[in-house]
**Q** 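Quick one: the structure is below, and I'll ask about it shortly.
All values derive from a computational prediction rather than experimental measurement. In what follows, chains carry the letters A, B, and so on, assigned in the order in which the sequence lines appear, proteins first and then strands, with residues in each chain numbered from 1. Just the heavy atoms: all of them, side chains too, but no hydrogens, waters or symmetry mates, feed the values below.
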Amino acid sequence: MIPTTREAPADAEMPSHIYLVRAGYIRRVGAGIYNYLPLAWRSLRKISQIVREEMDAAGASELLMPTLEPIELFAGTKRDVDYGDLLFRVEDRHGRLAALGPTHEEVITDLMAGALTSYKQFPLNLYQIQTKFRDEARPRAGLLRCREFIMKDAYSFHLDLDGDAGLNATYDKMYQAYTNIFRRCGLDFSAVEAEAGPIGGSASHEFMVNCVNGEDTILVCPASGYAANVEKAEIGEREWTWDHAATEPVKKHHTPNMPGIEGVAEHLGVTPAQMLKSIVMRTTGKDPRWVVAVVRGDHEVNEGKVRDAVGAPVELAPEAEARKAGFAIGYVSPRMIDRVELTMVVDPDAVNGSAWATGSDEKDHHDTGFNWQRDLSAAIDAGKVTVAGIRNAEAGDPSPRAAGSLLEARRGIEVGHIFKLGTKYSDAMGLSVLDKSQQKRSVIMGCYGIGVSRTLAACVEMSHDDHGIVMPPAIAPYHIHIVTIKPEEDGTLDRARALAAELAARGLDVLIDDRDERPGPKFKDADLVGIPVRLTVSPKSLAEGAAEFKLRADAGKGDLVPLSEVVDKAESAILERMMP
RNA sequence: CAGGGCGUAGCUCAGCUUGGUAGAGCGCGUGGUUUGGGACCACGAGGUCGCAGGUUCAAAUCCUGUCGCCCUGACCA
């Protein structure tokens, strides 16, 4: 059951999607739902096996939790609301609601609340490899963003941050285990600092497979090795001063239906970098306050950084309410600080300049010639304007870790993510134990995920050529692909089978193509499927007492190797390329 | 959710504007010729044209509704 096709399916665009389908690894069932055919399943089992070995070696224990999670569990942490439409909901015959598990923090915290009885049991680290469900707004790219996918998730439990039994020690162990896992899989990856995200928590790292097609951007400092994702990446020190004398008068322009930076810049004859982007936000929770974040027109506001600068969580202001408060959404300028009670934070790069283009605080109008010192001196002198780094980092920004060094941008696919959760779930769900001194203490948690099925796709994304997939030996469905030519002649098929048996006796996984096909399709299929070593057995090669040996990663036709040596050669080729 | 697009044979698609016998290539089956990088000839099987209404003598084609899918964005362990 390796249904290869000559043509790519109409819905596939990315190489991993195209090749996994064409090479007969997967077939689509519905949007974001796939059959894992035998080839894919073999690879997934190999990835899972590596994950198990490293997790077990790091002291974790495997268990299996249910897919179906009663909705009440989510209500405890309000994640039924936080997750929103991302949560798959099902209703049973009694009208009771349940969710198809997108992750299992609630289930395991609930489990632990009933099973953890003493501080003496710490630390604990439990994991499972399971099918997860997320009702993605837009599933895409084959196995990369599915509604149903295979994930390894682990949860650790502690009473302290430090010490042998503490969260930090387990977190570090998981970091090392993840490094081992992805190295053993043969992936080119980076571990980067990340925002904790809606799952909550304090510290986290993402493991990204490096490839040009990646969905995520990461920034790295070549000098210090610092690496972080866009949301998290810090920017080095930037010089700034309000002291820029005005060079132009403020002039108002009619800019009908142009709320976007690009269109306005073109209309005004300036570049986006000469404009100010003023984003209206507000603090979340009770008694929200208005916050206006100002960045240069070509930059993007980073919500997390605004939060840090303001000292409170913020969100994009709902448009209707902002309008009611007097903000001309799409045409806002920093001068709103004189008209509305608000907190203003300006990015350093939006300070340096003598004549900015900005909104006019009036629908369909923009100004040119805005000058901070001249036009906003009262607020600035009163100390009402904060300057802080509040934008996403970009390639070319100064490194936060090495003076003089510049950040570089790379693309990646997230395959692993580790978090320090803290007590968010244990507090919400009443997971606590008595410590040595009879004090009731909330349990501190960590959680650690790996997208198993996504790892397969990321691997193909990282490792393919114009002919198909180039599988790393450790997770290839088979190690050796024996292609028979004219299998019915001169006992060729029997000789190929004997060779396969010898290889299998060495513990190698062998796929033998004994189809009654012409050589062309067989070679094409072999390239497509991407097994690391190809051995071609034909009457011609057998006449010389040899088989043709070729690595998938190498070009050309390969070399004739005597049958007496080919088993050793194939075995060592595989072993050499398996990471310890 | 917004914008755009697509549902016709297992796959990739044409046919629809202008209503009138259901098409091609690939794949599949049989026979033959072939046999080291997706061969050739002959014959053949295979389709409720996504679904439901409507208009019409007549609907793949026109109208309405509905479902599914894809792309860009928003969103995203």
Side-chain angles (χ1 to χ4, degrees), chain A residues 3-14 17-18 21-22 24 27-33 79 82-87 101-105 130 132-142 144-147 149-155 194-201 204-208 215-216 229-231 260 303 316 319 413-419 421 447-454 466-468 483-489 492 513 515-528 534 536-543 547-548 550 555-558 560:
Chain A
T4 59
T5 66
R6 192 193 291 249
E7 281 180 282
D11 59 4
E13 298 212 322
M14 295 191 57
H17 189 184
I18 293 171
V21 174
R22 283 196 54 205
R27 280 286 169 96
R28 197 177 72 88
V29 177
I33 311 171
R79 284 216 302 175
D82 289 351
Y83 255 106
D85 291 336
L86 211 53
L87 200 61
T103 172
H104 284 73
E105 278 83 5
Q130 230 253 24
K132 297 288 160 93
F133 297 84
R134 283 182 203 167
D135 194 358
E136 290 286 348
R138 188 144 86 77
R140 70 183 101 181
L144 282 177
R145 183 162 298 280
C146 281
R147 295 199 294 170
F149 55 97
I150 299 173
M151 176 167 157
K152 187 277 316 187
D153 49 326
Y155 308 90
E195 274 283 321
I199 205 163
S204 89
H205 284 85
E206 288 174 349
F207 290 78
M208 316 276 293
E215 281 189 305
D216 301 305
N229 69 13
V230 176
E231 287 73 42
E303 231 174 74
L316 204 58
E319 205 167 316
I413 297 169
E414 182 188 354
V415 290
H417 202 156
I418 58 179
F419 300 87
L421 284 179
C447 88
Y448 319 92
I450 289 180
V452 174
S453 47
R454 180 185 273 189
D466 291 345
H467 302 289
V483 174
T484 59
I485 306 289
K486 298 184 188 166
E488 71 288 352
E489 281 185 26
T492 300
D513 187 347
R515 291 176 300 172
D516 180 20
E517 275 288 353
R518 296 165 53 82
K522 289 187 171 183
F523 288 133
K524 288 289 183 191
D525 281 349
D527 287 345
L528 212 42
R534 189 185 83 194
T536 308
V537 177
S538 66
K540 213 189 284 180
S541 75
L542 288 174
E548 185 182 288
K550 178 181 172 300
K557 292 208 158 190
L560 278 180

**Q** Map A:Val452 and A:Gly32 onto RNA chain B by nearest heavy atom, then report which one ends up closer to the 5' terminus.
**A**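 Comparing both residues, the 5'-ward one is A:Gly32.
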
**Q** Suppose you measure atom P in B:rU34 against the same atom in B:rC40; what distance do you get, rounded to whole Å?
**A**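 One P to the other, the span is 16 Å.
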
**Q** Which whole number of Å gives the distance between the P atom of B:rU48 and that of B:rA60?
**A**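 Result for the P pair: 13 Å, nearest Å.
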
**Q** Supply the atom-to-atom distance A:His17 NE2 to A:Arg22 CZ, rounded to the nearest 0.5 angstrom.
**A**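 Between atom NE2 of A:His17 and atom CZ of A:Arg22 there are 13.0 Å.
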
**Q** Write down the distance separating the P atoms in B:rG27 and B:rA42, rounded off to the nearest Å.
**A**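 The same atom, P, in both gives a distance of 15 Å.
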
**Q** In whole angstrom, give the distance that lies between atom CD of A:Glu7 and atom P of B:rC13.
**A**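 Going from A:Glu7 (CD) to B:rC13 (P), I get 8 Å.
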
**Q** Starting at CD1 of A:Ile418, measure out to CD of A:Glu206 and round the result to the nearest 0.5 Å.
**A**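 Answer for the CD1-CD pair, A:Ile418 versus A:Glu206, is 10.5 Å.
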
**Q** Go through B:rC13, B:rG73, B:rG25 for me and flag the one nearest to the A:Arg140 side chain.
**A**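 It is B:rG73.
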
**Q** Taking the P atom of each, how far is B:rA39 from B:rC75, in whole Å?
**A**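 Result for the P pair: 49 Å, nearest Å.
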
**Q** Does the structure show a Watson-Crick or G-U wobble partner for B:rU72, both distances under 3.5 Å? Name it, or say none.
**A**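 Base-paired to B:rA2.
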
**Q** Where the side chain of A:Phe419 is concerned, which of B:rA77, B:rU12, B:rC69 is the nearest nucleotide?
**A**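 So the nucleotide nearest the side chain must be B:rA77.
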
**Q** Expressed as a whole number of angstroms, how long is the span from A:Leu87:CG to B:rC76:P?
**A**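 From A:Leu87 CG to B:rC76 P: 15 Å.
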
**Q** Can you tell me the distance, in whole Å, between the CD atom of A:Glu13 and the C1' atom of B:rC69?
**A**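 Interatomic distance, CD of A:Glu13 to C1' of B:rC69: 13 Å.
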
**Q** Would you sort out whether A:Arg27 and A:Thr5 count as a side chain to side chain contact (heavy atoms under 4.5 Å, CB included), showing the intermediate values?
**A** CA-CA 11 Å; A:Arg27 280 286 169 96; A:Thr5 66; 3.5 Å; yes

**Q** Name the residue closer to the 5' end of RNA chain B, choosing between A:Gly449 and A:Ala12 according to the nucleotide with the nearest heavy atom.
**A**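 Going by which nucleotide is closer to the 5' end, it is A:Ala12.
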
**Q** What is the pairing partner of B:rA14, taking Watson-Crick or G-U wobble pairs with both distances under 3.5 Å in any strand?
**A**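 Base-paired to nothing in any strand shown.
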
**Q** Starting at atom NE2 of A:His205, determine the distance to atom P of B:rA77, rounded to an integer number of angstrom.
**A**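 Spelled out: NE2 on A:His205 to P on B:rA77 is 17 Å.
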
**Q** CD1/A:Ile150 to NZ/A:Lys132 distance, rounded to the nearest 0.5 angstrom?
**A**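 That separation rounds to 11.0 Å.
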
**Q** Among residues at least two apart in sequence or on other chains, which ones pass salt bridge (Lys or Arg N to Asp or Glu O under 4.0 Å) with A:Arg140?
**A**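 A:Arg140 satisfies salt bridge (Lys or Arg N to Asp or Glu O under 4.0 Å) with no other residue.
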
**Q** Rounded to whole angstroms, how far apart are CG on A:Asp216 and C1' on B:rC76?
**A**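 Value for this atom pair: 9 Å.
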
**Q** Using the P atom on both, measure B:rG65 against B:rA2 and round to a whole Å.
**A**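 About 16 Å, rounded to a whole number of Å.
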
**Q** Looking at the side chain of A:Ala10, which of B:rC11, B:rC70, B:rC13 is the nearest nucleotide?
**A**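 Closest nucleotide among those given: B:rC13.
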
**Q** Can you check the distance between B:rC67 and B:rA52, where both ends of the measurement are the P atom (answer in whole Å)?
**A**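 It works out to 15 Å between them.
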
**Q** What distance, rounded to whole Å, do you find between the two P atoms, one in B:rA59 and one in B:rG19?
**A**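 Each nucleotide's P atom is 13 Å from the other's.
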
**Q** List in chain and number order the residues that pass ring-ring contact (aromatic ring centres under 6.0 Å, His included) with A:His205, two or more places apart in sequence or in another chain; answer none if no residue qualifies.
**A**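 Scan of A:His205 (ring-ring contact (aromatic ring centres under 6.0 Å, His included), adjacent residues dropped) gives A:Tyr171, A:Tyr175.
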
**Q** Which base, if any, makes a Watson-Crick or G-U wobble pair with B:rG7, both distances under 3.5 Å?
**A**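 Pairing partner, where one exists within any strand: B:rC67.
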
**Q** Rounded to the nearest 0.5 Å, what separates atom CD in A:Glu136 from atom CZ in A:Phe149?
**A**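 With rounding to 0.5 Å, CD (A:Glu136) is 7.0 Å from CZ (A:Phe149).
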
**Q** Quick check: do A:Ser541 and A:Leu560 have side-chain heavy atoms less than 4.5 Å from each other?
**A**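 Counting from C-beta outward, A:Ser541 and A:Leu560 do come under 4.5 Å.
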
**Q** Can you tell me how far apart CZ (A:Arg6) and CG (A:Leu528) are? Round to the nearest 0.5 Å.
**A**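 Here the rounded value is 11.5 Å.
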
**Q** Working to the nearest 0.5 Å, report the span between CE of A:Met14 and CG of A:Leu144.
**A**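 Here the rounded value is 5.0 Å.
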
**Q** Counting the atoms with a prime plus P, OP1 and OP2 as sugar-phosphate, which does A:Pro3 contact under 4.0 Å by heavy atoms, base, sugar-phosphate, or nothing?
**A**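 Nothing, no nucleic acid heavy atom in range.
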
**Q** Atom CE of A:Met14 to atom C1' of B:rU72: distance rounded to whole Å?
**A**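 So the two atoms are 15 Å apart, to the nearest Å.
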
**Q** Would you say the side chain of A:Arg145 and the base of B:rC76 hold a donor-acceptor pair, judged only by whether the two atoms sit under 3.5 Å apart?
**A**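 Check passes, donor-acceptor contact within cut-off.
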
**Q** Please write out the pairs of protein N or O atoms and N or O atoms of nucleotides 1-10 of chain B separated by less than 3.5 Å, giving the distance to one decimal.
**A**
none

**Q** Taking only residues two or more places apart in sequence or in another chain, which ones pass salt bridge (Lys or Arg N to Asp or Glu O under 4.0 Å) with A:Glu517?
**A**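 Listed in chain order: nothing, the list is empty.
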
**Q** Could you check which nucleotide pairs with B:rA42 in any of the strands shown, counting Watson-Crick or G-U wobble with both distances under 3.5 Å?
**A**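 For B:rA42, the partner nucleotide comes out as B:rU30, under the 3.5 Å rule.
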
**Q** Spell out protein contact along nucleotides 34-46 of chain B as letters: B when the base is contacted, S when just the sugar-phosphate is, - when no protein heavy atom is under 4.0 Å; keep the 5' to 3' order.
**A** BSBBBB-------

**Q** Does B:rC57 have a Watson-Crick or wobble partner in any strand here, with both distances under 3.5 angstrom, and which is it?
**A**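 Partner of B:rC57: B:rG20.
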
**Q** Check the distance between B:rC76's C1' and A:Phe133's CZ and give it to me in whole angstrom.
**A**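 Spelled out: CZ on A:Phe133 to C1' on B:rC76 is 18 Å.
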
**Q** For A:Asp11, enumerate each residue passing the salt bridge (Lys or Arg N to Asp or Glu O under 4.0 Å) test, keeping only those at least two apart in sequence or located in another chain.
**A**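 Checked A:Asp11 against salt bridge (Lys or Arg N to Asp or Glu O under 4.0 Å); matches are A:Arg28.
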
**Q** For B:rU64 and B:rU55, measure between their C1' atoms and round to the nearest Å.
**A**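 Approximately 11 Å lies between the C1' atom of B:rU64 and that of B:rU55.
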
**Q** How many whole angstroms separate atom CD of A:Glu215 from atom C1' of B:rC75?
**A**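 Rounded to the whole Å, the gap is 11 Å.
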
